[in-house]
K.L.:
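For reference, the structure I am asking about is given below.
Owing to the predicted nature of the structure, the values given are computational and were not obtained by experimental measurement.
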Amino acid sequence: MIKKFDLEDIPLAPDFHFEEQIWSQGYRYIVGVDEAGRGALAGPVAAAALIFTPEPRLSEQLIGVRDSKEMNPNSRAEWAVRLQEIALDFGVGYAEAGEIDSIGIAPATKLAVRRALGKLQYQVQHILIDYIKLPGIACPVTSIVKGDARSLSIAAASIMAKHSRDEVMREFEEVYPGYGFAKHKGYGTRTHFAALSQHGPTPIHRRSFKPLRID
């Protein structure tokens, strides 16, 4: 189910509006899910799954959590640590460049999501996700337009996914020096294209993406 929404009504900060509706129905283990890296030319696509439980002052503990794209790297890194302490459970999953080339970015993103969910220790009762359909999942799934701007669970998952993927790309900088992965994280920047022109693609580049594809 995808929740339609007037984009003019996006709140100033994400909150627990959706979570509270579901908690009130007796569900406890609600999972926020988001991804990072879909549009990059290199590296994996990452997904994070994160569970909060209804606790007093939980919203106050999360003041400052936003869609990860609105946060600077230092803030994301700090929140990635704090969220692991606040959340009941979390998991991060990846689909690698070869898998993206083999099955396509949309199925690979869903594969990363399933891998993230598979790392959770608790039985998932309801999933909140940022506008991705997940057929075949055994529990209810609510796909929310602009979910990372509206749901604190999804916003927190976006931070975990983005930070975790950024760390992976920094590690790839050591394996494949000269491409600038630590800086651009695999996205199609001018520096990245210049390195590709000079050195050619690496094994972590997505050969199926148009700038790298040979028809």
K.L.:
Let me confirm one number: the CG-CG distance from L152 to L128, rounded to the nearest 0.5 Å.
P.N.:
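CG of L128 is found 11.0 Å from CG of L152.
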K.L.:
Does NZ or CZ of R190 lie under 6.0 Å from the centre of the six-membered ring of F193, at an angle within 45° of the ring axis?
P.N.:
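No cation-pi geometry.
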K.L.:
Is it the case that over 12 heavy atoms from other parts of the model lie below 6.0 angstrom from the CD atom of E55?
P.N.:
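Above 12, so yes.
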K.L.:
Apply salt bridge (charged side-chain N to carboxylate O under 4.0 Å, His left out) to the pair E167 and R76, showing each step before the final yes or no.
P.N.:
CA-CA 11 Å; E167 290 298 294; R76 284 197 298 265; over 6 Å; no
K.L.:
For Q25, is the CD atom crowded, meaning more than 12 foreign heavy atoms sit under 6.0 Å from it?
P.N.:
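For Q25, atom CD is crowded (more than 12 foreign heavy atoms under 6.0 Å).
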K.L.:
State the OG-CG distance between S143 and L134, to the nearest 0.5 angstrom.
P.N.:
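Answer rounded to 0.5 Å: 7.5 Å.
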K.L.:
Taking Q125 for its side chain and R28 for its backbone only, find out whether a donor-acceptor pair lies under 3.5 Å.
P.N.:
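Side chain of Q125 to backbone of R28: a pair is present.
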K.L.:
Do D89 and L50 touch side chain to side chain, with heavy atoms closer than 4.5 Å?
P.N.:
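The answer is no; the side chains never approach within 4.5 Å.
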K.L.:
When you compare the side chain of M160 with that of L83, does any pair of heavy atoms fall below 4.5 Å?
P.N.:
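The answer is yes; the side chains approach within 4.5 Å.
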K.L.:
Would you check if the side chain of R150 reaches a backbone N or O of V145 as a donor-acceptor pair within less than 3.5 Å?
P.N.:
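Checked: pair present.
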K.L.:
Which heavy atom of W79 sits nearest a heavy atom of G64, and at what distance?
P.N.:
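Heavy-atom minimum between the residues: NE1-O, 3.8 Å.
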K.L.:
To the nearest 0.5 angstrom, please state how far the OG1 atom of T202 sits from the OH atom of Y176.
P.N.:
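One gets 5.5 Å once the value is rounded to the nearest 0.5 Å.
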K.L.:
Can you give me the closest heavy-atom contact between I100 and S208, atom names plus distance?
P.N.:
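Nearest heavy atoms, I100 then S208: O-OG, 4.1 Å.
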K.L.:
State whether a side-chain donor-acceptor pair under 3.5 Å links T142 with H126.
P.N.:
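Indeed, the side chains of T142 and H126 share at least one donor-acceptor pair under 3.5 Å.
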K.L.:
Hey, does P211 have a side-chain heavy atom less than 4.5 Å from the side chain of L41?
P.N.:
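Yes. Closest side-chain heavy atoms under 4.5 Å.
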K.L.:
Looking at every heavy atom in both M169 and G43, which two are closest together, and how far apart are they?
P.N.:
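Nearest heavy atoms, M169 then G43: SD-CA, 3.8 Å.
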K.L.:
Quick one: are the ring centres of H205 and Y179 less than 6.0 Å apart?
P.N.:
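Between Y179 and H205, which both carry aromatic rings, the centre distance is below 6.0 Å.
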K.L.:
Quick one: list whatever passes side chain to side chain contact (heavy atoms under 4.5 Å, CB included) with E70, sequence neighbours left out.
P.N.:
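So E70 forms a side chain to side chain contact (heavy atoms under 4.5 Å, CB included) with R66, D67.
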K.L.:
The test is side chain to side chain contact (heavy atoms under 4.5 Å, CB included); show your working for I154 and V33 and say whether it passes.
P.N.:
CA-CA 5 Å; I154 297 176; V33 176; over 6 Å; no
K.L.:
Tell me every residue that passes side chain to side chain contact (heavy atoms under 4.5 Å, CB included) with E78, counting only those two or more places apart in sequence or in another chain.
P.N.:
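If we apply the side chain to side chain contact (heavy atoms under 4.5 Å, CB included) test to E78, skipping adjacent residues, there are no hits.
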K.L.:
Cut-off 3.5 Å, side chains only: do S153 and E19 have a donor facing an acceptor?
P.N.:
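There is such a pair between these side chains.
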K.L.:
Output, in order, the C-alpha distance, side-chain angles, deciding distance and verdict of side chain to side chain contact (heavy atoms under 4.5 Å, CB included) for S75 and N72.
P.N.:
CA-CA 5 Å; S75 293; N72 63 50; 3.2 Å; yes
K.L.:
Rounded to the nearest 0.5 Å, how far does CG of L117 lie from NZ of K110?
P.N.:
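One finds 13.5 Å between NZ of K110 and CG of L117.
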K.L.:
Does D15 form a side chain to side chain contact (heavy atoms under 4.5 Å, CB included) with S59? I'd like the steps, not just the answer.
P.N.:
CA-CA 7 Å; D15 54 34; S59 294; over 6 Å; no
K.L.:
Give me the other members of the hydrophobic cluster that I103 sits in, counting Ile, Leu, Val, Met, Phe, Trp and Tyr linked by side-chain heavy atoms under 4.5 Å, directly or via other members.
P.N.:
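Answer for I103: L111.
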K.L.:
Between K185 and E173, is there a side-chain N and carboxylate O pair less than 4.0 Å apart?
P.N.:
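Judged by the 4.0 Å cut-off on N to carboxylate O distance, K185 and E173 do not form a salt bridge.
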K.L.:
Is the closest side-chain heavy-atom distance between H163 and S68 below 4.5 Å?
P.N.:
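No, too far: nothing below the 4.5 Å cut-off.
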K.L.:
Less than 6.0 angstrom separating the ring centers of H192 and F181, yes or no?
P.N.:
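Between H192 and F181, the centre distance is under 6.0 Å.
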K.L.:
For the backbone of R170 and the side chain of E174, can you confirm whether one donor and one acceptor N or O come within less than 3.5 Å of each other?
P.N.:
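Judged by distance alone, no pair lies under 3.5 Å.
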K.L.:
Tell me whether T109 contacts the main-chain N or O of I105 through its side chain, where contact means a donor paired with an acceptor under 3.5 Å.
P.N.:
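Yes, because the side chain of T109 sits within donor-acceptor range (under 3.5 Å) of the backbone of I105.
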K.L.:
Which heavy atom in G91 sits nearest to a heavy atom in A116, and how many Å separate them?
P.N.:
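Closest approach of G91 to A116, heavy atoms only: O-CB, 3.7 Å.
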K.L.:
Between E99 (side chain) and E96 (backbone), is there a donor-acceptor pair under 3.5 Å?
P.N.:
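It does hold such a pair.
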K.L.:
To the nearest 0.5 Å, tell me how far F52 CZ sits from W23 CH2.
P.N.:
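Result: 8.5 Å between the selected atoms.
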K.L.:
Of all the heavy-atom pairs spanning A48 and A161, show the shortest one and how long it is.
P.N.:
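Answer, listing the atom of A48 first, then A161: CB-N, 3.6 Å.
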K.L.:
Is the shortest heavy-atom distance from the side chain of V45 to the side chain of R206 under 4.5 Å?
P.N.:
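Of all side-chain heavy-atom pairs linking R206 with V45, at least one is under 4.5 Å.
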K.L.:
Is the number of heavy atoms from other residues, nucleotides or ligands under 6.0 Å of Y27 OH greater than 12?
P.N.:
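It does not: Y27 OH has 12 such atoms or fewer within range.
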K.L.:
Got Y94 and S164 here, is their nearest side-chain heavy-atom distance under 4.5 Å?
P.N.:
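Yes. Closest side-chain heavy atoms under 4.5 Å.
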K.L.:
Which value, rounded to the nearest 0.5 Å, describes the distance between I30 atom CD1 and I22 atom CD1?
P.N.:
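Answer for the CD1-CD1 pair, I30 versus I22, is 4.5 Å.
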K.L.:
Determine whether V141 and I132 make a side-chain contact, defined as any pair of heavy atoms from C-beta on separated by less than 4.5 Å.
P.N.:
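When only atoms from C-beta onward are counted, I132 and V141 do not touch, as no gap falls below 4.5 Å.
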K.L.:
Out of D130, D34, D148, which residue meets the salt bridge (Lys or Arg N to Asp or Glu O under 4.0 Å) rule with K69?
P.N.:
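Going through D130, D34, D148 one by one, the salt bridge (Lys or Arg N to Asp or Glu O under 4.0 Å) with K69 is satisfied by D148 alone.
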K.L.:
Report yes if some heavy atom in the side chain of I86 is under 4.5 Å from a heavy atom in the side chain of L58; otherwise report no.
P.N.:
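A side-chain contact under 4.5 Å exists here.
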K.L.:
Quick one: closest heavy-atom pair of Y29 and I51, and the distance?
P.N.:
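Heavy-atom minimum between the residues: CA-CG2, 4.2 Å.
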